[in-house]
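See structure below.
Chain naming here is simple, since letters A, B, ... match the order of the sequence lines and numbering starts at 1 in each.
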2 protein chains.
Amino acid sequence: MDYTDHRAGFVFADIARFRVRLFDRLLAPHGLTTSQAWVLAHLFIEDNLPQTELARRMDVGAVTIGGLIERLEARGFVERKVDSEDRRVKRVLLKEEAKSIGRIMAECGRTLNEVAFSGMEAEKAKAVMDGLLSVRQNLLDALAEDTDIKSATDILLSKK
Amino acid sequence: MDYTDHRAGFVFADIARFRVRLFDRLLAPHGLTTSQAWVLAHLFIEDNLPQTELARRMDVGAVTIGGLIERLEARGFVERKVDSEDRRVKRVLLKEEAKSIGRIMAECGRTLNEVAFSGMEAEKAKAVMDGLLSVRQNLLDALAEDTDIKSATDILLSKK
DNA sequence: TGTAATTAATAAGCAAGCTAATTATATACA
DNA sequence: TGTATATAATTAGCTTGCTTATTAATTACA
């Protein structure tokens, strides 16, 4: 690929926005947003997690997670309980209300994938997905190399 | 690809977020954000566009564009002028301040691409990029088929 | 033991996107 | 002409995500 290809500047952002727009529409009838659903998805894998652990698994800040959970709690999908051994920690628990939605979320996700990759051969879709996972890891590494702004700039521009 | 692959649920969103985080850091010293830079990029291609036309080209709402331009104007990168033939229209013009930043933006974008696709063969990167463009179009089509919520749900779920 | 450093969560505040509603202007057409 | 419709931009208000700062509790260690 030509690295001066300016299209990379918008495809990633556009795809993310379009996906969210569609998924939000699918979930709206159930009182959920895309990000909130994603929190539930993580709790389906493992319930009763501390907020910080959820944030870590979702690569999101502690503040962002706090807001998501607050809204999920307000809508009755989860509840927070202070950890008995470490009172700084709040553990997030799925409530019954949420459990029935898992299947719907999975179905919507599958449908959205079908739409996104429609007209693409399975082989190619697999290759794209594979490539995306390494792009994601590359960016994550670049971010991890240094959280400091000036240094991040250095890391990126020093490779010029 | 297996359409039940849940990884699609986060790769796109993650890549978009990570890219913005890195690009924002690169642009911060110049008083710009990723989205604001993208507006300027469109004005470099064609200056003096109405806000609505910019919104259309960026696949963004009129309100979002309004906010971006307001901040760009406050920082002195652009100015708005009411169209003389249609007083509803405000045209956006690049100011000198912005023109010198074009080269920097291009350089940052190129560097970010290199980071994102590092370790990937050019051939594969090209294929991934190609696949992404059609994913983007697929989603855009799905959104365009019907703006209405219920109908969008139908479109997606009816393919089950 | 007691002070310092770390950690979990929250608060405050900004940018970006979205939707719905409003205002002002232009256009269509009866 | 005059009324209805359509369009451009803005306002208000929501969610997500980010950063920085604060509070409370825990852990490290002198």
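Heavy-atom minimum distance, G131(B) versus V128(A): CA-CG2, 4.0 Å.
In this structure, the CG atom of D83(B) is 9 Å from the P atom of dA26(C), given to the nearest Å. Taking atom CG of residue L143(B) and atom C1' of nucleotide dT19(C), one finds them 14 Å apart after rounding to whole Å. As a whole-Å value, the separation of R19(A) CZ from dC18(C) P is 16 Å. Here dA15(C) presents its P atom at 8 Å from CD of Q36(B), a figure rounded to the nearest Å. For the pair R91(B) CZ and dA9(D) C1', the computed distance is 14 Å after rounding to whole Å. Taking atom CZ of residue F23(A) and atom P of nucleotide dT16(D), one finds them 13 Å apart after rounding to whole Å. To the nearest angstrom, C1' of dT15(D) lies 15 Å from CZ of R17(A). Across the protein-nucleic acid pair, L22(B) atom CG and dC18(D) atom P stand 12 Å apart, rounded to whole Å.
Of the possible polar contacts, one joining the N138(B) side chain to the S118(A) backbone as a donor-acceptor pair under 3.5 Å is found. Within the 3.5 Å criterion, the main-chain N or O of L94(B) finds a donor-acceptor partner in the side chain of D47(B).
The shortest distance between side-chain heavy atoms of V92(A) and L49(A) does not fall below 4.5 Å. Taking the side chain as every heavy atom from C-beta outward, M58(A) and F10(B) never approach each other to under 4.5 Å.
Comparing dA15(C), dT19(C), dA9(D) by their closest approach to the side chain of R25(A) singles out dT19(C). Distances from the side chain of K90(B) to the nucleotides dT16(D), dT10(D), dA26(C) place dT10(D) closest.
Considering only side-chain N and O atoms, R21(B) lies under 4.0 angstrom from the phosphate OP1 or OP2 of dC18(D). At the phosphate of dG17(C), OP1 or OP2 sits under 4.0 Å from a side-chain N or O atom of S35(B). Put simply, R87(B) has no side-chain N or O that comes within less than 4.0 Å of OP1 or OP2 on dA24(C).
T34(B) and D24(B) share a donor-acceptor pair across their side chains, judged by distance under 3.5 Å alone. Looking only at atom types and distance, the side chain of Q51(B) has no donor-acceptor partner in the side chain of R91(B) under 3.5 Å away.
The ring pair (Phe, Tyr, Trp, His ring centres under 6.0 Å) contacts involving residues 41-80 of chain A comprise W38(A)-H42(A), where partners must be two or more places apart or lie in separate chains.
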Atom pairs under 3.5 Å: protein N/O with N/O of nucleotides 2-7 of chain C:
| residue | atom | partner | partner atom | Å |
| --- | --- | --- | --- | --- |
| dT7(C) | O2 | R88(A) | NH1 | 2.8 |

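Listed by residue number, A62(A), V63(A), R80(A) are the residues of residues 54-80 of chain A with a heavy-atom contact under 4.0 Å to DNA chain C.
Counting non-hydrogen atoms of other residues, nucleotides and ligands closer than 6.0 Å to NZ of K124(A) gives a total above 12.
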